[in-house]
Amino acid sequence: MDYEAVNAQYKSTNLGFIILDEANLSPIEHYWSSFYNLTDSLAYEEAMLSINIGTQSPLEYSNNLRFISTINNDQTTEELSPRFIDRSSIIRMPESKIDLTDGVFDYLNKIDSLDFTYNDAIQLFNLHDFNSNSDVTEIVETETFVNIRKEYNKMKERFREINIFISPRIDKAFIDYYICAIKFMNPFKALDFFTAQRILPKIDGQGVSYGKCLKELKNDLENTFSSQRIEISEAINILSSIIDNGDREEYFQSYNYFFND
């Protein structure tokens, strides 16, 4: 990637992915902290991202690198820090339904390559890097976005009641997520997925009032999504599980996203 950046070849090459399997066997910050300062950064023609990983000179790249990590939650793993959660989209994976005998891997092995460049990703997903065509102002002034932002702000107020504050970083991520997602789904479904991935992982508290606030939030979401004819909500399913677990006698009204079954 450093070579591609120096030689201006980055747009015509593929995105890079680093897979961190069982990433929380040790604290993620211990080995990933060098990338934290770049989480909110953008790359430009005249200014690539730069990182020093112990080499004699820093490496440059065009923000065409993504990290995907898998984690478990048990006695052998480390908890995710609030700092990490604030910067990450967390997706719960359902029990796998893949039948290893149905030939799916034979099909995947036949794929030699995906002809999908970094420039394709910029255009398809409205990435801000090197993209002069992304008109954020025009999109956020639409009536649909204004209505969705009202629901988003209502949710923030619910969380503020239990001392969970949504950072400006997540506010910005909400806009970016929406701008990308409206190409592919119902705008309110985008709010649903964003809530499930970026907001609900912050839940970690105890007591009757904490549980009451979560139940009120669930009621808000049910009213919002039912009015938009969204029959299956990822956020409501997760929130329901958090509430049900917290209400169980053995949990003593402790509500935590990562206690979720």
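Because the structure is a prediction, the values reported are computed rather than measured.
- Listed here is the closest heavy atom pair of Ala23 and Ile28: O-CG1, 3.5 Å.
- Hydrophobic clustering (side-chain heavy atoms under 4.5 Å, transitive across Ile, Leu, Val, Met, Phe, Trp, Tyr) groups Ile18 together with Tyr31.
- Between Ile182 and Phe145 there is no side-chain heavy-atom pair separated by less than 4.5 Å.
- Crowding of Phe67 atom CZ: a count of heavy atoms from other residues, nucleotides or ligands under 6.0 Å exceeding 12.
- Side chain of Asn24 to backbone of Glu78: a donor-acceptor contact under 3.5 angstrom is found.
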Original post:
Does the pair Ile203 and Leu239 meet the rule for a side chain to side chain contact (heavy atoms under 4.5 Å, CB included), with working shown?
Top reply: CA-CA 9 Å; Ile203 293 175; Leu239 191 54; 3.8 Å; yes

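- Considering all non-hydrogen atoms of both residues, Gln228 and Asn186 come closest at O-ND2, 3.9 Å.
- Taking each heavy atom of Ile179 and Ile139 in turn, the nearest pair found is CG2-CD1, 3.8 Å.
- Using a 4.5 Å heavy-atom cutoff, the side chains of Lys218 and Glu222 are in contact.
- Distance check, rounded to the nearest 0.5 Å: CH2 of Trp32 to CG of Leu20 gives 8.5 Å.
- For the residue pair Ser254 / Gln206, a side-chain donor-acceptor distance below 3.5 Å is found, with atom types taken as modelled.
- Phe259 and Ile91 are members of different hydrophobic clusters when ILVMFWY side chains are connected at heavy-atom separations under 4.5 Å.
- Clustering ILVMFWY residues whenever any of their side-chain heavy atoms sit less than 4.5 angstrom apart, transitively, puts Phe165 in a cluster other than the one holding Phe174.
- Inspection of the Thr117 and Lys11 side chains reveals no N or O donor paired with an N or O acceptor under 3.5 Å.
- Between the OH atom of Tyr257 and the CD1 atom of Ile238 there is a distance of 4.5 Å, given to the nearest 0.5 Å.
- Ile232 has its side chain within reach of Asn237: a pair of non-hydrogen atoms, C-beta onward, lies under 4.5 Å apart.
- Relative ring orientation between Tyr255 and Tyr210 is described as parallel, the plane-to-plane angle staying below 30° on a 0-90° scale split at 30° and 60°.
- Using a 4.5 Å cut-off on side-chain heavy atoms (C-beta onward), Phe125 and Lys183 make no contact.
- A salt bridge links Arg160 to Glu157: one of the charged nitrogens lies within less than 4.0 Å of a carboxylate oxygen.
- Residue Phe258 holds its CZ atom at 4.0 Å from CD1 of Ile90, rounded to the nearest 0.5 Å.
- When every heavy atom of Ser89 is checked against every heavy atom of Arg198, the shortest pair comes out as OG-CD, 3.4 Å.
- Within the structure, every pair that satisfies the salt bridge (Lys or Arg N to Asp or Glu O under 4.0 Å) test and touches residues 162-171, not counting sequence neighbours, is listed here: Asp40-Arg169, Asp86-Arg169, Lys156-Asp171.
- Side-chain atoms of Asn7 do not come within 3.5 Å of backbone N or O of Gln9 as any donor-acceptor pair.
- Within a 6.0 Å sphere centred on CD of Glu46, other residues, nucleotides and ligands contribute more than 12 heavy atoms.
- Atom SG of Cys180 is separated from atom CE of Met185 by 7.5 Å, given to the nearest 0.5 angstrom.
- The number of heavy-atom neighbours closer than 6.0 Å to CD of Glu29, taken from other residues, nucleotides and ligands shown, is above 12.
- Linking ILVMFWY side-chain heavy atoms closer than 4.5 Å, directly or via other members, places Phe116 and Tyr118 in a single hydrophobic cluster.
- Judged purely by distance below 3.5 Å, without hydrogens or angles, the side chains of Tyr10 and Asn119 never pair a donor atom with an acceptor atom.
- In this structure, Phe17 is a member of the same hydrophobic cluster as Ile122, with clusters built from ILVMFWY side-chain heavy atoms closer than 4.5 Å.
- Using a 4.5 Å heavy-atom threshold, the side chains of Asp176 and His128 count as touching.
- Once rounded to the nearest 0.5 Å, the distance linking CG of Asp129 with CG of Leu42 reads 5.0 Å.
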Original post:
Is there a side chain to side chain contact (heavy atoms under 4.5 Å, CB included) between Tyr44 and Asn63 once you walk through the steps?
Top reply: CA-CA 9 Å; Tyr44 302 92; Asn63 209 12; over 6 Å; no

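- Put simply, the side chain of Arg248 never gets that close to the backbone of Asp244: no donor and acceptor are under 3.5 Å apart.
- Results of the side-chain contact (heavy atoms from CB on, under 4.5 Å) test with Leu221 over Asn219, Asn223, Leu217 single out Leu217 as the only residue that passes.
- Shown here is Ile19, whose CD1 atom has more than 12 heavy atoms of other residues, nucleotides or ligands within 6.0 Å.
- Within 6.0 Å of CG on Asp115 lie no more than 12 heavy atoms contributed by other residues, nucleotides or ligands.
- Here the shortest heavy-atom pairing between Phe194 and Ile170 reads CZ-O, 3.5 Å.
- Heavy-atom minimum distance, Glu151 versus Phe188: CG-CE2, 4.2 Å.
- With Tyr61 as reference, Ile51 is the one residue of Asp2, Ile51, Val6 to meet the side-chain contact (heavy atoms from CB on, under 4.5 Å) rule.
- Distance check, rounded to the nearest 0.5 Å: CD1 of Ile164 to CD1 of Ile199 gives 9.5 Å.
- Residues Asn72 and Thr77 have side chains that never bring a donor and an acceptor to within less than 3.5 angstrom of each other.
- More than 12 heavy-atom neighbours from other residues, nucleotides or ligands sit within 6.0 angstrom of CD on Glu45.
- Pro187 has its side chain out of reach of Leu191: every pair of non-hydrogen atoms, C-beta onward, lies at least 4.5 Å apart.
- At a threshold of 4.5 Å between non-hydrogen side-chain atoms, the residues Met155 and Asp220 do not count as touching.
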**OP:** Assess whether side chain to side chain contact (heavy atoms under 4.5 Å, CB included) is satisfied between Lys215 and Ile243, documenting all intermediate values.
**Re:** CA-CA 7 Å; Lys215 291 167 186 175; Ile243 293 170; 3.6 Å; yes

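- For the pair Ile175 and Tyr152, the minimum side-chain heavy-atom distance is 4.5 Å or more.
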